[in-house]
Number of protein chains: 2
Amino acid sequence: MRLVIARCSVDYEGRLDAHLPLATRLLLVKADGSVLVHADGGSYKPLNWMSPPCTLAVEPATGPHAEAGAVEVWTVKASKTEDRLVVAVHEVLHDSTHELGTDPGLVKDGVEAQLQKLLAEQVELLGEGHQLVRREYPTAIGPVDLLVRSPRGGTVAVEVKRRAEIDGVEQLTRYLQLLNRDPLLSPVEGVLAAQEIRPQARVLATDRGIRCLVLDYDALRGVDDVESRLF
Amino acid sequence: MRLVIARCSVDYEGRLDAHLPLATRLLLVKADGSVLVHADGGSYKPLNWMSPPCTLAVEPATGPHAEAGAVEVWTVKASKTEDRLVVAVHEVLHDSTHELGTDPGLVKDGVEAQLQKLLAEQVELLGEGHQLVRREYPTAIGPVDLLVRSPRGGTVAVEVKRRAEIDGVEQLTRYLQLLNRDPLLSPVEGVLAAQEIRPQARVLATDRGIRCLVLDYDALRGVDDVESRLF
DNA sequence: CACTCAATTTCGATC
DNA sequence: GATCGAAGTTGAGTG
């Protein structure tokens, strides 16, 4: 990654034409050849940029560019389209290059994981008197998202999905069959909890005596927020 | 603008939760306090960021962060929401600050200017035998977008708009009144050319004997591309 | 692989 | 100022 602070003007020709007048900006050249032109404000979006794949060519300024006072001209060309980014560098105030290596990448806690966590904190949504046994309750055929003790003495197995479809019902059914063999847990009810439950999944679940619970992500979060403010 | 290359891990809590494992990245702190975390690849979008308005607090690492090997902890808080970006800095490989000043900002050649340019190159779209006199033909009440010589001996004044509304018709009407006083140009016809012509504008234009021409931007560009390939 | 759809969307124009 | 829609959109998930 190369970082250049330079007085420069920038022209982009491609899906639209755009021009940046002479000013001091950050030119960020990434390892893949992509270039970002950032100002000292605004959002995360650069003033101008070229996405990879592209190639960067740096040449001494000539002709009109040189007459305008430019020292170098950077030409960034997209590999597959006619998009061109031309940076006329007038003065370089900083120039450094750094080895960063490949980034392990962003880990987003998926919505499903969030839902599971939030529902675990609010098991009373399953009905009064319910108590969480544990999240990711291990079984021979895989972990059950939530295992909950019912006030009636039995157990509730909850399958959490962002969007519940038929395979979610099948999965939960398998867990229920297995868990119901355990006299310490039996009888085990099933709950299919999701932001969105597809009609087919709802029909199949209902047919098998599995309860459907539609989760309101924002409401779940809202309660969560209130709780976290209290402590 | 502050540029820091650092080995760091990043956590974002807000509208979603996200985590970046320890790796070497660019931390970009803008004058408005916003922070961008960039890797050495990918698109123009940062791995993580905090949009202004927000505040950045830098403190020595303590507790779990310190145990994990962090030296500093940056906490970026959004001003209005509960969004938080926490950067655990383990090792600083580069740190520099630069004065950039406010950016004059991006100048986009609007679609209107593009349309005018493209139509100027393809005046035959107005009808066979038409010849461009000039773009931005100056008059006492402002420039006419396109002035064109008609094969019938008269002149055509063209008003180009991205989206033509009533005021565009009024504007063109004023030009026509003025231009028609010039015996060298008279008779002067009017053409309202736009990507989209609002029904009211079309009615008014037709009523005043002004021709409406719907422009296909892509088609105009397409022809332009073909031409530029030929030469 | 194409298509759909959300985005910590951002951004500008219009009502 | 709120709302609507496009973006040089990008990016992920699904059929």
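Here is the naming used below: chain letters follow the sequence lines, and residue numbers restart at 1 for every chain.
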To the nearest angstrom, the CG-P distance between A/L20 and D/dG8 comes to 13 Å
From CG of A/L16 across to P of C/dC11 the rounded distance in Å is 14 Å
Rounded to whole Å, the OH-C1' distance (A/Y44 to C/dC11) equals 11 Å
**Message:** With the criterion set at under 5.5 Å between ring centres and under 30 degrees between planes, would C/dT8 be stacked on B/W49?
**Reply:** yes
Aromatic contact, A/H65 with A/H90 (centres under 6.0 Å):
no
Is any side-chain nitrogen or oxygen of B/S43 closer than 4.0 Å to OP1 or OP2 of D/dG11?
yes
Practice problem: Give one of base, sugar-phosphate or nothing for A/Y12, where a contact means two heavy atoms less than 4.0 Å apart. | Solution: base
- Give a yes or no answer on whether the side chain of B/S34 reaches the backbone of B/K30 with a donor-acceptor pair at less than 3.5 Å. no
Which of D/dG15, C/dT10, C/dT8 is nearest the side chain of A/E165? It is D/dG15
D/dA2 to C/dT8 separation - P atoms, rounded to the nearest Å
23 Å
Rounded to whole Å, the CG-P distance (A/L47 to D/dT9) equals 18 Å
note: B/E82, atom CD; C/dT8, atom P; distance rounded to Å ~ 18 Å
Sugar-phosphate only, base, or nothing, as touched by A/M50 at under 4.0 Å among non-hydrogen atoms:
base
For this session: Please answer whether the main-chain N or O of A/M1 pairs with a side-chain N or O of B/D40 as donor and acceptor at a distance below 3.5 Å.
Result: yes
- Message: I'd like the C1' distance from D/dG8 over to C/dT14, given in whole Å.
- Response: 23 Å
What do you reckon, is CD of A/Q200 surrounded by more than 12 foreign heavy atoms closer than 6.0 Å?
no
Are B/S51 and C/dT10 close enough that a side-chain N or O sits under 4.0 Å from OP1 or OP2? yes
Atom CG of A/D17 and atom C1' of D/dA7 are separated, to the nearest Å, by 16 Å
Does atom CZ of A/R84 have more than 12 heavy-atom neighbours from other groups under 6.0 Å away? no
A/L36 CG to D/dT9 P, in whole Å, measures 16 Å
Atom NE2 of A/H38 and atom C1' of C/dT10 are separated, to the nearest Å, by 13 Å
Judged by nearest nucleotide, the residue sitting upstream toward the 5' end of DNA chain D, A/R198 or B/K45, is B/K45
